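Encoded as structure tokens, the structure appears first; notes follow it.
Quick caveat, the model's predicted, so the values are computed rather than measured.
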Amino acid sequence: MADPVTFTPDKRAYVQTNLTLAAIAMAGAMLVLWLIGNPYVWTGAPAGLAAIGLRAWYLASEELNNTWELSDTTLTGPGPRVVALNQIEAVNTMGSFVQVVTRGGDKHLIKYQANPAATKAAIERAAG
């Protein structure tokens with residue numbers, strides 16, 4: 001049996017993902033204010049930034065400790081989530097996330113990967 005491979009969240013990917021979310025939230029909030037005719041459209045920017053910034057700060061301790069382990073037969077994550085490798089139908093990347101889809105339709109996210117393509121490749125190799 002080979003040593004298990006561990007996928008840990010990357011702090012830099014966490015920050016970058018949340019910066020992207022903040023930019024989207026800022027633009028979205030400003031758009032909503034503009035659409036409803038609010039004369040203070042600019043207030044959407046700090047509101048969106050504050051919302052995502054607070055969320056990122058609050059969830060950091062949990063999200064940055066969620067590790068996944070790949071063994072010869074299973075992919076085990078937090079929760080505990082256990083996916084048999086022979087049940088994996090697809091592995092997709094979305095930004096810094098890797099999505100694992102099972103034959104039964106379950107979807108699992110391995111979040112904040114420094115190199116999501118390498119994570120995807122390792123899972124696909126192990127799953128065959």
Residue list, side-chain contact (heavy atoms from CB on, under 4.5 Å) with Y40, at least two apart or on another chain = N38, W42, T43
Can you list every salt bridge (Lys or Arg N to Asp or Glu O under 4.0 Å) pair that touches residues 100-110, not counting sequence neighbours?
-> none
Residue pair I110 / V100, side-chain heavy-atom distance below 4.5 Å = yes
Taking ILVMFWY side chains as joined if any heavy atoms are under 4.5 angstrom apart, and letting links pass through other members, which residues group with L21?
-> I52
Which ring pair (Phe, Tyr, Trp, His ring centres under 6.0 Å) pairs, counting each pair once, include a residue from residues 74-128, with sequence neighbours left out?
-> Y14-Y112, F97-Y112
L31 reachable from V41 in the ILVMFWY side-chain graph, under 4.5 Å edges | yes
Determine the sole option in T17, I24, N18 for which the side-chain contact (heavy atoms from CB on, under 4.5 Å) test with T20 is passed.
-> I24
Residues in side-chain contact (heavy atoms from CB on, under 4.5 Å) with A47, at least two apart?
-> none
Would you kindly say whether S71 and T74 are connected by a side-chain donor-acceptor distance under 3.5 Å?
-> yes
Provide the full list of side chain to side chain donor-acceptor pair (under 3.5 Å) pairs with a residue in residues 116-128, sequence neighbours left out, each pair given once.
-> Q113-T119
Where at least one partner belongs to residues 60-91, residue pairs that pass ring pair (Phe, Tyr, Trp, His ring centres under 6.0 Å), sequence neighbours excluded = none
Sequence neighbours excluded - salt bridge (Lys or Arg N to Asp or Glu O under 4.0 Å) pairs with any residue from residues 4-18 | none
Among the clusters formed by ILVMFWY side chains lying less than 4.5 Å apart, do M94 and I88 turn up in the same one?
-> no
Only counting residues at least two apart or in another chain, list the ones meeting side-chain contact (heavy atoms from CB on, under 4.5 Å) with A126.
-> L70, L85
Of all the heavy-atom pairs spanning A13 and S96, show the shortest one and how long it is.
-> CB-CB, 4.0 Å
Side chains of T67 and P78: does their closest heavy-atom pair fall under 4.5 Å?
-> no
Between the CD atom in E89 and the OG1 atom in T102, the distance rounded to the nearest 0.5 Å is 8.0 Å
Which of T6, T8, V5 passes side-chain contact (heavy atoms from CB on, under 4.5 Å) with E69? It is T6
Do the non-hydrogen side-chain atoms of F7 and I123 ever get within less than 4.5 Å of each other?
-> yes
Scan residues 38-65 for pairs that pass salt bridge (Lys or Arg N to Asp or Glu O under 4.0 Å), counting only residues two or more places apart or in two chains.
-> E63-K111
Treat each ILVMFWY residue as a node, draw an edge where side-chain heavy atoms are under 4.5 Å apart, and state whether W34 and M30 are in one component.
-> yes
Identify, with sequence neighbours excluded, every residue that meets side-chain contact (heavy atoms from CB on, under 4.5 Å) alongside A84.
-> N86, Q87
Report yes if the side chains of L109 and V98 come closer than 4.5 Å at any heavy-atom pair, otherwise no.
-> no
How close do G95 and P116 get, heavy atom to heavy atom, and via which atoms?
-> O-CG, 3.2 Å
Cluster question for you: counting only ILVMFWY and a side-chain heavy-atom cut-off of under 4.5 Å, with indirect links fine, are Y58 and L64 together?
-> yes
Apart from M26 itself, its cluster of hydrophobic side chains linked below 4.5 Å comprises L49
